[in-house]
Structure formats: structure tokens, C-alpha cells
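Scroll down for the structure; my scribbles are underneath it.
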Protein chains: 2
Amino acid sequence: MNVGKLTRAEDLRRQLADDIVRGTLPPGSALDETEIAQRFKVSRTPVREALRQLAASGLVESRAHRGAVVAQPSAQRLAGMFEAMAELEALCAGFAAERMPPIERQALQATHEEARLVSQAGDPDRFHEVNERFHNAIYAGAQNDYIAEMTLATRVRVQPFRRAQFRNLGRLAKSHAEHDRIVLAILRGDRNGAAAAMRAHIDLARDEYELYAVSV
Amino acid sequence: MNVGKLTRAEDLRRQLADDIVRGTLPPGSALDETEIAQRFKVSRTPVREALRQLAASGLVESRAHRGAVVAQPSAQRLAGMFEAMAELEALCAGFAAERMPPIERQALQATHEEARLVSQAGDPDRFHEVNERFHNAIYAGAQNDYIAEMTLATRVRVQPFRRAQFRNLGRLAKSHAEHDRIVLAILRGDRNGAAAAMRAHIDLARDEYELYAVSV
DNA sequence: TGCCTGGTGTTTGCATACAAAGGCAGCGTT
DNA sequence: AACGCTGCCTTTGTATGCAAACACCAGGCA
């Protein structure tokens, strides 16, 4: 159960965060301390600590004496989170265009190429994984760990609301075409171009989400 | 002791965060659970919860079985935090230029005017307070709560390292002159101008910090 | 009939006791 | 004399029990 050197609370935190991000625990789900404790065969203490940390990171909302639920932001707040993500990712892309060392540029190109193959194969889950690596490579390329962490955290918090995104047919190919423009701009050191291309990419992803959301 | 409706853990979190931000607990200070519990006359449980939350917010660092200390970022990471702050504040200022409703614009002007008087009076503590209100008004003006929170959180995390900033002589007057350019750009709806002015303002504040830091 | 009030039940918040993991010091060995 | 090992001690991690707060329901009063 508690493998390795991880503490139980840390283990729970990861597990719950994963369930939230992957959609197993959809927004609004109640998180009962006792129930979780029994399910994971631990006492309430580490469960409480895990929930506190998740609340601090924004994935769950908890109010005193009234329990915790998976965060369910308003439409307005969600729009704000998408906007923040667009700006942060654009910032990372812009910095990456200026600062990314040659080796990382090559790795980015390789990941991008890998994504092309996967998108042609039409495998949504695998594309999702490569897509994450692609964006992470750009965060790292910005050469600013603090900004990279903020950007990743925002992506994680938005993730529960863009689940079935790549299920949607031509999205894979379109996404890859947008990535293409981003990569070219970064490789040619064009900060403004990279930022603009990334902003456009995220905005399109948001639009896809909205199309999906209204149809649910 | 536990006045109002606040829970003990929440109370402790605020108190400790305040002590860290105000410099009472300088970076690197050890945070012993038992010692804090005795000092505040509570058990270790709420102390642990408070420390966990502070760790999640980045103000303290804690490693399993090895205790918690007030966060002490490397010079490189601190530089990254300053850069992030500059970009986030610039983003807020740019959005504010486009989106701020008339009433908030008037309030911003009023705060700015108040700061002028205080800077002429040469009262560092009071200027610090008005300065915070000024920046908060711009965060709010961006009309995006998520971005506003991120920006404020970054400011808070950097705060322990810019303490004695306004002690330094002519900094008050210079700061107010920079604010002037920011306010003018926002009022004329000049997004790029506002962002650029704010970025310059934060960069100068960072430079002042570096001057101060090397002399310690 | 509708609203307020009081009681009860369920859930969270806190305290205390115990377990376990690291760090350190002292001793022995090389 | 220096290095490594072992055992203790300090500190954190977890469990459990109790207290307190909120929500819901029932009963009475307007």
C-alpha cells in the first residue's frame, strides 16, 4: 500500500489529485474524510492532510465544518483560468524562443515529430501523453522554474474541464498544425511569433472546450 | 485565543504567514512543530495543518521526517520569481488598461494621489501600505480573479526578500514617478504602454533589491 | 399553513498517545 | 588518528478518542 519512502498523506494526495485530473472524481464530488480513510485503509489524519494540501493547490474546495468537494469553478472563473493559461503558455513560448539551448531545441523538434506520427495514427490517449511532453518541453525551455511551475499548475487545474478534448476527430491534426507554427517560431528565435502562435493554440483549445461543454 | 469563527489551523496559518512576510521569521528559520504548538498553546495537529498549507503555498519548505523551514530560494530561483512578478504585474496592468471600469479608474487615481502625498511626507511604512493598495487595485482592474490571485501570491512570496526596500531614501519619489507613467497609460487605455511601464517599474524594484542584497 | 426554534445526528476539528524514521554521538576497529 | 557502525534520542507521521459545529427534522406557535 504505502510503497517506497512516500508518506501516507503524500501518497493520498497524489492519488486523489490523479483521480481529479483524470476525471474519475468529477468536479463537485463530495470528499468525505471517513469514507476516503476507509477506502484507503488509513486513519483520517493523513486524509485530512492530503485534502488540505489539495485545497491549497486549488484542486478541491473546503470550508470549515462543511467538508470538501472537488473544485467546481464558475464559468467566469474557468474563463479566467483559460485566459491565464493562454498568457502563461505564451510567455513560456516567448522565453523559450529566446533562451532555449540547442540540445533542448532538438529534443523539442523530436517530440514534435513524434506527435506528428501519433496524430496520423489517430490515437487520442497516446497523443495526449506526447502533447503533455511537448508543452512541458516548452515550459522547461523558458529557463524559469517558477514560471514553469505556475504554468503547469494552471494546466493541471484546467485539465478536469478539457477531458474528452482529443476524442474529437480532427482536433489531433489541427493541434499538430498549430504546434508546427509554434515550433518554427521558437526555432527561429522569434519571441513575439512564438507567443502569438501559442496564445492562438490555447485559445483554439478553449473554443473546442466550449463547443464540447455546451453539448453536454 | 481563537476569536471569531476562524479555525485554529487557519488562525495559525495567517499568523505564521504574516510573520514570514513581515520578516519576523526570516528565510531559513526552523519551524519546530512542538515549539510552535507550545508557543500558541495548541496541540501539534493544527500546527501541522498550517505548515502543510504554507508549504503548498510556497512560503515554507518541508521534507518528510526532516521538519520545515521558512523557504529560502536560491538566487536563481529568486531571480525567476522577480521575472514572473514583472510579467504578471505587466499582464494585469495591460488588461486593466483595456478593461477597468470607470469607477475603478477613479479609485486608482485617488490611491495614486494619496501615494503622492505620503511619498512627499516621506513615511516609508505608510507608503508601503498605500503602495500595496495601488497594486491591488491594478490586479483587480484586470478583471480576472485567477490571474489577480496568482500575481498577489507571487508578490507575497517575494516580499520577505524586499523588506527594507522603501527605507532607501529617494526610492519613494522614484517609485511614485514610475507609478505616474503606469496610471497615465492605464487611463488612456494603452495596453502595451501600461504593461511596459509596469514591467520597468518592477525591474527597477528588483535592481534596488539587488543593490540592497549585496550590501548585507 | 408557514415559519421559527430546539433537539438530535452526522461530520469535521482538535488533542493525546504511540510508532517509526533520521540524525548524532560514542565507541570500536583499522 | 580517522573512519564506520551501532544504539539512543529527538522529531515527525499516524491512529484513535473526544469535543464542537453545522444541517436536518420535528414540533409548536403565530
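We name chains A, B, ... by the order of the sequence lines, and we start the count at 1 in each one.
Atom C1' of nucleotide C/dG23 and atom CG of B/D32 are separated by 14 Å, given to the nearest angstrom. Between B/L12 atom CG and C/dG13 atom C1' there is a gap of 13 Å when expressed in whole angstrom units. Atom CD in B/Q38 sits about 12 Å away from atom P in D/dT12, given to the nearest Å. When the C1' atom of C/dA15 is taken as reference, atom CZ of A/R48 falls 12 Å away, rounded to whole Å. When the P atom of C/dA15 is taken as reference, atom CZ of B/F40 falls 13 Å away, rounded to whole Å. Remark: P of D/dT11 and CG of B/L31 are 14 Å apart, rounded to the nearest angstrom. Rounded to an integer number of Å, the gap from B/E33 CD to D/dT10 P is 16 Å. One atom, CD of B/E49, and another, P of D/dT12, lie 16 Å apart when rounded to the nearest Å.
Mapping A/R66 and A/E10 onto DNA chain D via the closest heavy atom, the residue that lands nearer the 5' end is A/E10.
Phosphate proximity of D/dT12 to A/T7: absent, as no side-chain N or O sits under 4.0 Å from OP1 or OP2. Contact between the side-chain N/O atoms of B/R8 and the OP1/OP2 oxygens of C/dA15 is found at a separation under 4.0 Å.
In this structure, B/I147 and B/F95 have side chains that are in contact, with non-hydrogen atoms separated by less than 4.5 Å.
Annotation for A/Q76: atom CD does not count as buried by contact number, only 12 or fewer foreign heavy atoms lying within 6.0 Å.
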With 3.5 Å as the limit, what N/O pairs link the protein to nucleotides 16-19 of chain D?
residue	atom	partner	partner atom	Å
D/dT16	O4	A/T45	OG1	3.3

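In this structure, B/S74 contributes its side chain and B/R77 its backbone to a donor-acceptor pair below 3.5 Å. The main-chain N or O of A/H128 is never found under 3.5 Å from a side-chain atom of A/R133 such that the two would form a donor-acceptor pair.
Inspection of the A/Y139 and A/E89 side chains reveals an N or O donor paired with an N or O acceptor under 3.5 Å.
Among the nucleotides D/dT11, D/dG13, C/dT12, the one closest to the side chain of B/R52 is D/dG13. The nucleotide whose nearest atom lies closest to any side-chain atom of A/H65 is, among D/dT14, D/dT12, D/dC22, D/dC22. Comparing D/dT12, C/dT11, C/dC14 by their nearest atom to the side chain of B/P46 picks out C/dC14.
Considering A/I103, A/I182, A/I186 in turn, A/I186 is the only one that fulfils the side chain to side chain contact (heavy atoms under 4.5 Å, CB included) rule with A/L108.
Using a 30° and 60° split on the angle between ring planes, B/H179 and B/H112 fall in the tilted class, from 30° to 60°.
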